[in-house]
Amino acid sequence: MAFETITVETRDHVGVVRLDRPEALNALNAALLGELATAIARFEDDAAIGAVVLTGSEKAFAAGADIKEMAERTYPQTLIDDFMAGTWLAASRARKPVIAAVSGYALGGGCELAMMCDIVLATESARFGLPEITLGVIPGAGGTQRLVRAVGKAKAMEMILSGRFMTAEEAERAGLVSRIVPDAELLDEAVKVGEKIASMSLPAVIHAKASVNRAFETSLEEGLLYERSVFYSLFATEDQKEGMAAFVEKRQARFRDR
Ligand code: CAA
């Protein structure tokens with residue numbers, strides 16, 4: 001299937017999805033969200049892929065849900081469609097790590113999409129914001145929940161109630177962004193992180209991601225129990241034997257995802 005609103009490529013073991021609606025600053029409409037979900041599902045199914053990079057243009061990662069498409073929605077239609085479920089959730093449901101490479105605007109649903117990813121790299125030009133309040137609504141793709149967890153209540157409240165944007169620098173200081181990288185290196189750097197992750201044992205990567213995410217879902221005691229049992233289970237893999245033998249033999253491990 002040819003895509004119309006995104007471009008998709010594979011770089012070694014990393015799947016790269018670029019949001020591509022420049023005329024609308026990559027606003028997330030139904031067509032784009034459907035294609036994004038399809039692309040992510042394909043990379044999830046592809047045994048050669050170990051991580052996915054999600055990026056946009058220099059000017060915009062994504063300027064939010066498509067306001068023009070949403071403007072005439074009614075409440076019953078929105079409720080019955082379960083508008084923010086379905087394809088909106090694709091990135092957050094991926095089991096393989098997803099890295100957001102953000103330049104320019106990451107607003108509303110675009111900021112929420114970045115927050116669904118596991119790692120966020122950004123350029124100096126990145127601007128994060130949840131301006132839904134200026135449209136008479138509130139964030140609907142996880143913003144009120146994920147932003148609080150990422151940057152704490154004070155900053156999240158100010159951004160969500162006033163619509164204030166955060167610079168890349170502020171977002172990095174606050175913990176929303178893992179690293180700021182030069183404009184020209186954004187995609188390469190994100191792919192490099194993806195390649196590094198893809199070189200690890202996939203069962204360990206899947207468990208590590210799920211275990212970190214568990215920290216947001218449960219009590220510390222339950223989370224520690226979860227981590228411990230997952231840690232124990234990894235001793236059932238060939239990759240654990242390989243990884244530890246390689247260390248002892250002072251050589252590079254060659255993981256086979258078994
Ligand atoms: N939906 C639809 N179209 C959008 C859009 C969006 N979210 N954001 C930008 N566009 C369109 C503009 O309408 C414009 O199209 P036309 O040329 O046809 O008028 C084009 O993209 C370029 O945008 P601007 O001319 O506005 O560019 P700018 O550089 O002057 O401003 C901006 C950039 C500050 C990002 C501004 O476009 C803007 O404020 N966009 C909306 C941001 C927003 O409110 N996002 C939240 C959406 S609601 C949401 O996401 C709900 C949710 O929780 C899921």
Side-chain angles (χ1 to χ4, degrees), residues 3-7 17-37 40 54-94 98 100-117 120 122-151 153 155-171 176-177 183 186:
F3 294 113
E4 287 177 2
T5 59
I6 60 173
T7 63
V17 181
R18 187 185 285 280
L19 308 181
D20 191 25
R21 290 188 71 211
E23 71 286 359
L25 300 181
N26 293 334
L28 306 166
N29 64 2
L32 186 152
L33 289 163
E35 292 189 348
L36 176 60
I40 290 174
L54 188 52
T55 195
S57 68
E58 201 179 327
K59 183 160 185 201
F61 177 72
D66 191 307
I67 300 167
K68 292 166 189 166
E69 200 178 69
M70 267 187 311
E72 299 304 323
R73 273 191 164 271
T74 64
Y75 169 67
Q77 183 194 3
T78 306
L79 175 70
I80 292 164
D81 291 355
D82 205 359
F83 177 44
M84 302 311 298
T87 55
W88 269 100
L89 302 179
S92 66
R93 295 219 164 128
V98 183
V102 178
S103 177
Y105 296 112
L107 303 178
C111 181
E112 293 170 299
L113 181 59
M115 291 193 291
M116 288 178 208
C117 298
V120 181
T123 63
E124 288 286 353
S125 75
R127 294 289 176 273
F128 297 87
L130 293 174
E132 286 89 341
I133 199 89
T134 67
L135 301 167
V137 292
I138 69 167
T144 64
Q145 305 304 299
R146 289 199 177 93
L147 190 63
V148 181
R149 284 164 166 81
V151 305
K153 179 181 165 185
K155 275 186 191 292
M157 267 302 184
E158 190 198 353
M159 289 172 70
I160 291 166
L161 295 180
S162 74
R164 181 174 80 82
F165 297 171
M166 232 188 222
T167 62
E169 207 178 299
E170 185 181 0
L176 178 59
V177 162
D183 290 27
L186 178 66

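Just so you know, ligand 1 is whichever comes first in the structure, and atom 1 is the first atom listed for that ligand.
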With a 4.0 Å cut-off, strictly under, does [atom] pick up any protein heavy atom?
{"atom": "atom 25 (O) of ligand 1", "answer": "no"}
{"atom": "atom 21 (O) of ligand 1", "answer": "yes"}
{"atom": "atom 49 (C) of ligand 1", "answer": "yes"}
{"atom": "atom 36 (C) of ligand 1", "answer": "no"}

Output the distance between atom [atom1] ([X]) and atom [atom2] ([Y]), rounded to the nearest 0.5 Å.
{"X": "L107", "Y": "L130", "atom1": "CG", "atom2": "CG", "answer": "8.5 Å"}
{"X": "S57", "Y": "R18", "atom1": "OG", "atom2": "CZ", "answer": "8.0 Å"}
{"X": "M116", "Y": "L54", "atom1": "CE", "atom2": "CG", "answer": "10.0 Å"}
{"X": "D66", "Y": "L25", "atom1": "CG", "atom2": "CG", "answer": "10.5 Å"}
{"X": "L33", "Y": "M84", "atom1": "CG", "atom2": "CE", "answer": "8.0 Å"}
{"X": "L79", "Y": "R73", "atom1": "CG", "atom2": "CZ", "answer": "10.5 Å"}

Given side chain to side chain contact (heavy atoms under 4.5 Å, CB included), test N26 with Y105 step by step and report yes or no. CA-CA 9 Å; N26 293 334; Y105 296 112; over 6 Å; no
May I ask you to check whether [X] has an N/O atom sitting below 3.5 Å from an N/O atom of ligand 1?
{"X": "L107", "result": "no"}
{"X": "G109", "result": "yes"}
{"X": "E132", "result": "yes"}

Closer than 4.0 Å to some heavy atom of [X] - which atoms of ligand 1 meet that?
{"X": "P131", "answer": "43 (C), 44 (O), 45 (N)"}
{"X": "E112", "answer": "52 (C), 53 (O), 54 (C)"}
{"X": "L135", "answer": "44 (O), 47 (C), 48 (S)"}
{"X": "G140", "answer": "52 (C), 53 (O)"}
{"X": "G108", "answer": "46 (C), 50 (O)"}
{"X": "M84", "answer": "54 (C)"}
{"X": "K59", "answer": "29 (O)"}
{"X": "L25", "answer": "9 (C), 21 (O), 22 (C), 23 (O), 27 (O), 33 (C), 35 (C), 37 (O)"}

What residue and heavy atom of the protein are closest to atom 16 (P) of ligand 1, and at what distance?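 In this structure, atom 16 (P) of ligand 1 has K68 NZ, 3.7 Å as its nearest protein heavy atom.
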Nearest-contact summary for atom 1 (N) of ligand 1 - protein heavy atom, Å: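 So the nearest neighbour among protein heavy atoms is I67 N, 2.9 Å.
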Take a 6.0 Å sphere around CD of E72 and say whether it holds more than 12 heavy atoms from other residues, nucleotides or ligands.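 Counting neighbours around CD of E72, 12 or fewer heavy atoms of other residues, nucleotides or ligands fall under 6.0 Å, so no.
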Between A24, G104, G142, G143, which one has a non-hydrogen atom sitting closest to atom 9 (C) of ligand 1?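 Minimum heavy-atom distance to atom 9 (C) of ligand 1 goes to A24.
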Only heavy atoms count here, so choose which of A106, A63, G129, G110 is nearest to atom 43 (C) of ligand 1.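 Among A106, A63, G129, G110, the closest heavy atom to atom 43 (C) of ligand 1 belongs to A63.
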Proximity of [X] to ligand 1 by residue part, where a heavy atom lies under 4.0 Å:
{"X": "L28", "result": "neither"}
{"X": "A27", "result": "side chain"}
{"X": "E23", "result": "backbone"}

Using atom types as modelled and distance alone, determine if a side-chain donor or acceptor of [X] lies under 3.5 Å from a backbone N or O of [Y].
{"X": "E132", "Y": "V137", "result": "no"}
{"X": "E112", "Y": "A141", "result": "yes"}
{"X": "R21", "Y": "T5", "result": "no"}

Give me the atom names and distance for the closest heavy-atom approach of E58 to S103.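 E58 and S103 have their closest heavy atoms at O-OG, 2.7 Å.
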Check ion pair E170-R164 (N to O, under 4.0 angstrom):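 Salt bridge between E170 and R164, a charged N being under 4.0 Å from a carboxylate O: yes.
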